[in-house]
Every structure is written in C-alpha cells, then in structure tokens.
Amino acid sequence: MATQLPTTDIRIGADLIRRRKGGTPIVCLTAYTYPIARLLDPHVDLLLVGDSVAMVLHGHETTLGASLEMMIAHGQAVMRGSAKACVVVDMPAGTYEDSASQAVASARRIVGETGCQAVKLEGGVDMAAQIAAIVAAGIPVMGHIGLQPQSVEKDGGYKIKGRTDENVAALIADALAVEKAGAFSLVIEGTIETVAADITGRIAIPTIGIGASSECDGQILVIDDMVGLTVDRVPKFVKQYADLRSVIAHAAERYASEVRDREFPGRAHVFSKTNGGDEA
Ligand code: KIV
C-alpha cells in the first residue's frame, strides 16, 4: 500500500519554469517510477517521464518502443510519487507527427489520464504546427531539438548536431520555430557548446541541456545513467554520480550465498509462536 505524500499546493507549473529563463539553473531529471519520483522530488524542479523508459526499463533498442499506454502508466506513477516537481510526459513516436489534431488528441489523453503539467515532443520547424495546436488546446509543451532519439534510425545513430554551418542554421531555425509556436521550454540534446550558447541567447524560453554544455538555462540527465544503473550504452556526456550497478550486484551476490548456506533467513526474519505479532 502506497504511503500518502504530504499534500502541497506548491507544485511547480510550466509557467514558473518559463519564468526561470536566465536565472538559477533549472534542475531536471527523468523519472519513470513511484519510488524514484519520491526520492528525486525534493531535489529537482522538473521530472521528465521520458520515452527513454522504453530502453531503460523495458529493454527496447530505441525509444520507438514506447507507446502512449506505457507513457501514461509511468506518468501516473511519477505523479503519485511527486508533490512539488513540474512533471512533463514525453509524447511517444507515432502519436503526434501526422497532424495537429492527432497531436492534440494524444496530448489530451496524456494530461487527462496522468494529471501531468506538460508534454514534450521532438522536432523543430517540422513540428511547429503540432506544438502550436497543443498549446492552443491549453496544454504546455516542452520542445526537443538537436539529437532526437526518435530519429536515430533515420539519422544512422546517436550523432552530435551542429558541426556544420548548415546544421547550425537548421538548429537555430528549429529553436526559433519551437519558441514561436508557444513552447514553455526547449530541450537541446547533443550539440556543441557554442551552438547551445547561441540558441540560449536568441530565445526567451529556457533551454534545458543534455550533452549541450552549461551554457543552457538548465540541465537534464536520464536518472539511470546518472546513478550508474544503465546496463547498456551510456552517452559520453553523462556524469555518473553513483554506482548502483555494483551496489545491486554485490547485494545479489551476498543474498545468493546466504540462501545457499541457509544463513538467510536468520532468527530475526522468522516467525515463531513466541516471537512477533501478526504483522509481516
Ligand atoms: O526520453 C528522454 O529521457 C529524454 C531526455 C533525454 C531529454 O528525452
């Protein structure tokens, strides 16, 4: 049974994040589950239920494995586990690209079924109509340009953006289009520092960097990468602040050995007629 979080009327909204442009850097992390949301909520401004959940928790090869139902289930868990953070849920590939009306219907389902504060979608100039329509429907949108994980198959891998003049011009056009469409913030992933700085200086909404340098107005990392839980590829730009893989592997090794030696369960974990009450 889930413990109730303390009720609070200070949940951070998208508008507050937008007004943090140029101020103290905005702290963001991904979260996919109730316990992790509870642990992170006191420390962050924004929790993103990223479609990276398809890879990180469900073992898919790319984020294309995410579905609307998957995002909604994880969004609900993160909302239950947080009281303060602005919760943003990713729109998975295939649920918004076709038309503005498809995008609005999917965004309405995500917000209606999770109660999250905003949605995020990937794309710039090409997705401006979708962003404008979702915003017009009253749902705040976070943009995402640069390296777009939903396009890695098309792009031939996880490639840094902004190395050529043509590519820089395209990134700037994307950022301006997302801002003009009414997004409240913009994730910039996998680009060089000078480009991130240039974009951050040109737009009035906060930029949230991932592999895009401290020139951005905020930072985001995938939680499993940050705490050293990711078992597959970890991007070069990640700083690992803990090594939970080793902690878990070591605990599992000790447990296995104690079970095999009949050391666990010991006296403290056993019920007898004389010991303990009815509570497990
Ligand atoms: O899905 C995700 O986790 C993301 C972040 C990497 C920004 O989009």
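As the structure is a computational prediction, the values presented were derived from the model and not from experiment. Numbering of ligands and ligand atoms starts at 1, following listing order.
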Exercise. Would a 4.5 Å heavy-atom cut-off, applied to side chains only, mark Leu147 and Thr191 as touching?
Worked result: no

Problem set entry | Atoms of ligand 1, numbered as shown, that sit under 4.0 Å from any heavy atom of Ile210 | 6 (C)

Exercise. Is Asp217 salt-bridged to Arg20, going by a charged N under 4.0 Å from an acidic O?
Worked result: no

Exercise. Where is the nearest protein heavy atom to atom 3 (O) of ligand 1: which residue, which atom, and how far?
Worked result: Ser52 OG, 2.5 Å

Exercise. Quick one: which ligand 1 atoms are inside 4.0 Å of a heavy atom on Gly50?
Worked result: 1 (O), 2 (C), 3 (O)

Seminar exercise, completed: Within the 4.0 Å heavy-atom cut-off, what Val53 brings close to ligand 1 is neither

Problem set entry | Interatomic distance, Glu97 atom CD to Gln130 atom CD [nearest 0.5 angstrom] | 8.0 Å

For this session: Mark yes or no: Arg233 above the aromatic ring of Tyr158, with NZ or CZ under 6.0 Å from the six-membered ring centre and no more than 45 degrees from the axis.
Result: yes

For this session: Measure up the Phe264 and His269 rings against each other and bin them: parallel (under 30°), tilted (30 to 60°), perpendicular (over 60°).
Result: tilted

Problem set entry | Polar contact flag for Asp51 and ligand 1 (N/O pairs, less than 3.5 Å) | yes

Exercise. Side chain, backbone, both or neither: which part of Leu48 has a heavy atom under 4.0 Å from ligand 1?
Worked result: side chain

Exercise. Should one rank Lys120, Glu122, Met142 by closest heavy-atom distance to atom 8 (O) of ligand 1, which comes out on top?
Worked result: Lys120

Exercise. Can you list the ligand 1 atoms lying under 4.0 Å from a non-hydrogen atom of Asp90?
Worked result: 1 (O), 2 (C), 8 (O)

Problem set entry | Salt bridge flag under 4.0 Å for residues Asp155 and Lys161 | yes

Problem set entry | Salt-bridge criterion met for Arg109 and Glu69 (N-O under 4.0 Å) | yes

Problem set entry | Contact atoms of ligand 1, heavy-atom distance to Thr30 under 4.0 Å | 3 (O)

